[in-house]
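Below, read A as the first sequence line, B as the second, and so on, with proteins coming before strands; counting in each chain starts at 1.
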Number of protein chains: 2
Amino acid sequence: MDKDKIDKKDHILDVAERVFSDLGFDGASTRTISSEAGVNMAMLNYYFGSKEGLFLAIFERKISSFRTLLQNIGSDDSMSSWDKLAKCIDNYVERIIVNNCFQKLINREITMTKRWDLSDKIVEILMVNVFEVRKIIEEGLNSGNFYKDIDIPMVIATMFGTKNYIINTPQMSSLIVGHDIRDEKFMEEVLKPRLKTYMKRLLKAYLVNENDNSK
Amino acid sequence: MDKDKIDKKDHILDVAERVFSDLGFDGASTRTISSEAGVNMAMLNYYFGSKEGLFLAIFERKISSFRTLLQNIGSDDSMSSWDKLAKCIDNYVERIIVNNCFQKLINREITMTKRWDLSDKIVEILMVNVFEVRKIIEEGLNSGNFYKDIDIPMVIATMFGTKNYIINTPQMSSLIVGHDIRDEKFMEEVLKPRLKTYMKRLLKAYLVNENDNSK
DNA sequence: CAAAATTAATCAAACGATTGATTAGTGAAA
DNA sequence: TTTCACTAATCAATCGTTTGATTAATTTTG
């Protein structure tokens, strides 16, 4: 049936996404991917043409969900600039677990500048998120809610960089935090709220005029 | 001669560092490295034992000098905790940006969670630097110079994460900053001092009791 | 409807190429 | 002579991909 075929392709993409993110594009062999997915090796070429075609298919599938998620960010006029940014932070931290495999995959392959033009495509997708955040911060700057002399690009780097550091290098951050962050329960109940609280307090101390460190 | 041998090994390490950075650990073959370095393939195994040995040799060469630098700062009793941390930031920004292709190399390989043998060794070496920074922050916490309720692991994540984000994704950060950050002149004269200023003000606002945001 | 023809899905096996590593041997220096 | 730096040739293993054959499903035909 058609349905079964789609399910199977989807299953292969799920597995391939995980294996690629664990081992990298070169490190993940077609044999490993196919055996972990429980399909014959030739199926990868049959469905996706090549290893690179498989890799691209993973991205194609993700693009749409990214776009739709973004539409709900920053368009609410009833909130202050800071509240918007705070909501932004909560939103991204919340999505850490769901997409952490994919985020790692992106962040690794985007650094392979010599390899292919795919990185331009990745950049384009990610920049949509960045511009959304920047718009909010600029809004807070212009409205006088934030300090005049803040460095917006650097704030963005801190927002995404801090989160990326924690989820992309779990071996490091587990040692730093003192607990295995790959433990789902710990991540959900401890690390996520802790990261939200920290990020908001950190950026508020840097951005916002009023000094309200209580709560 | 002994001198010639050391020079040759150093030359191989220079070339290998560049090739690894461009192509990744898997993507860079021993044949590519040796031919680019102008030496016989077997020399790599002769000098460094294995491909992984070569990789780790690159690592050890870069990291050891910075480690001693950090330890010197940490053990200097004539400075306040904040001044120590500020000096750490300055040195870190100054140094890591010079070696940014090496930094990319590290960050790419460390995210491959399934390859324990290689990434564990990287983590072990990197953690020495992390602990050094943590010691300084803890000192500031215990001495009362910093707020009592700061989140030390998160501060570390911000320090390393912000810098990593800028360096590892130059296509992204160039768009965010509005200038090609791979331009050496811009990096040296604009971005480096800007990143230092930002990092210190950001962390000071979060960490230190006295609220001195003027200048 | 049933038989035949066609297509799609799947498989084991093997392809040539490339990988990291090793060997045996060379020649010069000590 | 023994040691050392070095090379060309070669190793087994693995890579991504292709193949020819087989089965399952669908369509066409009578």
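Note: CD1 (Ile12(B)) to C1' (dA5(D)) measures 12 Å, nearest angstrom. Between Lys51(B) atom NZ and dC15(D) atom P there is a gap of 12 Å when expressed in whole angstrom units. Computed from coordinates, the His11(A) NE2 to dT10(C) C1' distance equals 16 Å when rounded to whole Å. Taking atom OH of Tyr46(B) as the reference point, atom P of dG20(C) lies 21 Å away to the nearest angstrom. Taking atom CG of Asn45(B) as the reference point, atom P of dC6(D) lies 14 Å away to the nearest angstrom. Look at CG on Asn40(A): it is 12 Å from C1' on dT19(D), rounded to the nearest Å. Atom CE in Met43(A) sits roughly 7 Å away from atom P in dC11(C) (whole-Å rounding). Atom CE in Met41(B) sits about 14 Å away from atom P in dC11(D), given to the nearest Å.
The pair Asp183(B)-Lys185(B) fails the salt-bridge criterion, with no side-chain N (NZ, NE, NH1 or NH2) lying under 4.0 Å from an Asp/Glu carboxylate O. Under the 4.0 Å criterion applied to side-chain N and carboxylate O atoms, Lys192(B) and Glu188(B) are assigned as salt-bridge partners.
Side-chain N/O atoms of Lys8(A) include none lying less than 4.0 angstrom from OP1 or OP2 on dA9(C). Phosphate contact (OP1/OP2 of dC6(D), side-chain N/O of Tyr47(B), threshold under 4.0 Å): present.
At a threshold of 4.0 angstrom between heavy atoms, the contacts of Ser29(A) are confined to the sugar-phosphate backbone, with no base atom among them.
For Thr158(B) and Tyr198(A), the side-chain atoms include at least one donor-acceptor pair closer than 3.5 Å.
A residue-by-residue look at Gly38(A) and Arg31(B) shows that Gly38(A) has its nearest nucleotide of DNA chain C further toward the 5' end.
Among dA21(C), dC6(D), dC11(C), the nucleotide with an atom closest to any side-chain atom of Ala42(A) is dC11(C).
The ring of Phe25(B) has its center closer than 6.0 angstrom to the ring center of Phe20(B).
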